[in-house]
Amino acid sequence: MIKAILFDVFGTVVDWRSGLVHGLERTFARAGLDADAPTLADAWHEQCRDSLRADGPSPVDGHAGDASLARALSASLAEIGLDGQLSDGDTTALPQLWRKLPPWPDSVPGLKALKREYVIAPRSNGSVALMTWLAKHAGLPWDVVLALDSAATQKDPASAHVSFAAALGLAPDEVMMVSAHNADLYPAREAGLKTAFFARPGEHGPAQSSDLEPSEPWDVVAFDLLDLARQMESATRY
């Protein structure tokens with residue numbers, strides 16, 4: 001029986017692209033720059049992903065996490081030809097955008113509905129500080145914010161899932177992993193967790209071509225987070 005549900009956060013629960021684009025547009029306007037905010041947002045997101053692949057996350061040290069976001073921003077500005085175009089104050093402040101991303105419209109009501117029956121928590125490579133402040137801003141009603149407990153676990157997604165389950169005193173098959181990214185669910189299933197998928201077709205903008213449908217027959221396939229809550233509520237009645 002499932003007792004806890006873990007969630008990918010960026011893209012699944014919060015709309016990182018719109019949040020970054022709006023924040024960057026405001027910064028560019030103040031600086032008098034005619035620059036492409038969506039292009040920088042996409043480059044910044046990809047740089048963050050590359051940094052995690054190379055170095056692993058810094059789940060406990062919030063300062064290290066902020067520094068990683070700042071380095072990724074610097075690399076992204078250089079990549080699109082904006083190196084040196086923003087003030088030091090702007091480049092220092094911009095990483096805070098990641099703490100103020102908007103939830104998708106169905107996220108908060110869906111999480112609140114699931115929270116009635118299940119322990120809910122983020123399963124993210126972001127630091128505890130980032131996850132905490134993001135939850136505060138977006139109103140995400142997590143029961144707990146967990147951190148990966150070792151460098152080895154951080155590098156091994158399947159072991160990380162087992163570690164998260166153990167932190168809650170649960171066996172892997174008592175936990176479900178939810179993501180709008182098919183790739184997140186393979187290591188969860190390998191670790192023995194149940195899996196749930198729904199698409200976020202607007203995550204990467206109007207030209208998105210990935211993760212528009214499930215790539216596998218995951219345990220639950222939903223329309224959105226509210227639909228997932230309805231399906232999980234129905235499951236507890238039998």
- [ ] Please report the shortest heavy-atom distance between Leu20 and Leu101, naming the atom on each side.
- [x] N-CD2, 4.0 Å

Task: Within-4.5 Å side-chain heavy-atom neighbours: His161 and Arg123 - done: yes

- [ ] For residues Ile120 and Pro141, report the shortest heavy-atom separation together with the two atoms involved.
- [x] CD1-O, 3.5 Å

TODO: Report yes or no: does Ser107 contribute a side-chain atom to a donor-acceptor pair with the main-chain N or O of Pro103 at less than 3.5 Å?
DONE: no

TODO: State which residues pass ring pair (Phe, Tyr, Trp, His ring centres under 6.0 Å) with Tyr186; sequence neighbours excluded, sorted by chain then number.
DONE: Trp218

Open item on the list: Any non-hydrogen side-chain atom of Ile80 less than 4.5 Å from a side-chain atom of Asp36?
Closed with: no

TODO: Identify whether Trp133 and Trp98 are in the same connected component of the hydrophobic contact network (ILVMFWY, side-chain heavy atoms under 4.5 Å).
DONE: no

- [ ] Before giving the answer on side-chain contact (heavy atoms from CB on, under 4.5 Å), spell out for Asp66 and Gln96 the whole-Å C-alpha distance, their side-chain angles and the decisive distance to 0.1 Å.
- [x] CA-CA 8 Å; Asp66 289 345; Gln96 297 301 305; 4.1 Å; yes

Open item on the list: Would you say Val145 ends up clustered with Val108 if hydrophobic residues are merged whenever their side chains have heavy atoms under 4.5 Å apart, either directly or through other cluster members?
Closed with: yes

Task: Qualifying residues under salt bridge (charged side-chain N to carboxylate O under 4.0 Å, His left out), relative to Asp42, sequence neighbours excluded - done: Arg17

Task: Linked, directly or transitively: Phe28 and Leu94 (ILVMFWY side chains, under 4.5 Å) - done: yes

TODO: Kindly write out the residues that satisfy side-chain contact (heavy atoms from CB on, under 4.5 Å) with Ala165, not counting sequence neighbours, or none if the list is empty.
DONE: Val175

Open item on the list: Using only atom types and a distance under 3.5 Å, with no angle test, would you say the side chain of Thr195 pairs donor to acceptor with the backbone of Asp219?
Closed with: yes

Open item on the list: Does any part of the side chain of Glu213, heavy atoms only, come nearer than 4.5 Å to the side chain of Asn182, both counted from C-beta?
Closed with: no

Open item on the list: Please give me the minimum heavy-atom distance between Leu24 and Trp44, naming the atom from each residue.
Closed with: CD2-CZ3, 4.4 Å

TODO: Please lay out, stage by stage, how Ile2 and Met232 fare under the test side-chain contact (heavy atoms from CB on, under 4.5 Å).
DONE: CA-CA 9 Å; Ile2 296 170; Met232 296 303 292; 3.9 Å; yes

Task: Donor-acceptor contact present, side-chain Thr132 to main-chain Val128, <3.5 Å - done: yes

Open item on the list: For the backbone of Val221 and the side chain of Gln231, can you confirm whether one donor and one acceptor N or O come within less than 3.5 Å of each other?
Closed with: yes

TODO: Working to the nearest 0.5 Å, report the span between OG of Ser74 and CD of Glu79.
DONE: 11.5 Å

Open item on the list: Rounded to the nearest 0.5 Å, what separates atom OG in Ser210 from atom CD in Glu203?
Closed with: 7.0 Å

- [ ] Provide the closest heavy-atom pair for Gln208 versus Gly202 in the form atom of the first, atom of the second, distance.
- [x] OE1-C, 3.7 Å

- [ ] Kindly give the heavy-atom pair with the smallest separation between Leu130 and Phe10, and that separation in Å.
- [x] CD2-CZ, 3.8 Å

Task: Test log, rule side-chain contact (heavy atoms from CB on, under 4.5 Å), inputs Leu228 and Phe198 - done: CA-CA 8 Å; Leu228 174 67; Phe198 51 81; 4.3 Å; yes

TODO: Give a yes or no answer on whether the side chain of Asp211 reaches the backbone of His181 with a donor-acceptor pair at less than 3.5 Å.
DONE: no

Open item on the list: With rounding to the nearest 0.5 angstrom, report the NZ to CE distance, Lys3 to Met1.
Closed with: 7.5 Å

Open item on the list: Can you list everything that forms a salt bridge (charged side-chain N to carboxylate O under 4.0 Å, His left out) with Glu25? Sequence neighbours excluded, please.
Closed with: none

TODO: Could you check if a side-chain atom of Leu168 sits within less than 4.5 angstrom of a side-chain atom of Leu146, using non-hydrogen atoms only?
DONE: yes

- [ ] Verify the cluster assignment for Val13 and Val21: are they in a single hydrophobic cluster under the rule of side-chain heavy atoms below 4.5 Å apart?
- [x] no

TODO: Side-chain contact test, heavy atoms from C-beta onward, threshold under 4.5 Å: evaluate it for Val178 versus Leu6 and give yes or no.
DONE: no

TODO: To the nearest 0.5 angstrom, please state how far the CG atom of Leu111 sits from the CZ atom of Phe7.
DONE: 5.0 Å

Task: Flag for Asp88-Thr91: side-chain donor and acceptor within less than 3.5 Å - done: no

TODO: Decide yes or no for Leu114 and Leu225: does some side-chain heavy atom of the first lie under 4.5 Å from some side-chain heavy atom of the second?
DONE: yes

TODO: Applying ring pair (Phe, Tyr, Trp, His ring centres under 6.0 Å), name anything that partners Trp16, two or more places apart in sequence or on another chain.
DONE: His45, His204

- [ ] Answer with yes or no whether the hydrophobic clustering places Val162 together with Ile5; edges join I, L, V, M, F, W, Y residues whose side-chain heavy atoms lie under 4.5 Å apart.
- [x] no

Open item on the list: Could you check whether Arg26 pairs with Asp90 (Lys NZ or Arg NE/NH1/NH2 to Asp/Glu carboxylate O, under 4.0 Å)?
Closed with: no

Open item on the list: Going by salt bridge (charged side-chain N to carboxylate O under 4.0 Å, His left out), name the residues that satisfy it together with Asp106, two or more places apart in sequence or in a different chain.
Closed with: Arg200

Task: Euclidean distance, Leu134 CG relative to Ser127 OG, rounded to 0.5 Å - done: 10.0 Å

- [ ] Look up atom CG in Leu185 and atom CG in Leu193, then write down how far apart they are to the nearest 0.5 Å.
- [x] 10.0 Å

TODO: For the residue pair Phe197 and Val220, establish whether any side-chain heavy-atom pair is separated by less than 4.5 Å.
DONE: no

Task: Short N-O contact, Lys194 and Glu174, less than 4.0 angstrom - done: no

Task: Greater than 12 external heavy atoms within 6.0 Å of Lys115's NZ - done: yes

- [ ] Check whether any side-chain heavy atom of Leu69 sits under 4.5 Å from a side-chain heavy atom of Leu97, and report yes or no.
- [x] no

TODO: Heavy atoms only: give me the nearest Ala72-Cys48 pair and the separation to one decimal.
DONE: CB-SG, 3.8 Å

Open item on the list: Applying side-chain contact (heavy atoms from CB on, under 4.5 Å) to Arg189 and Glu216, what does each step give before you reach the verdict?
Closed with: CA-CA 11 Å; Arg189 185 169 62 183; Glu216 295 280 341; 3.8 Å; yes

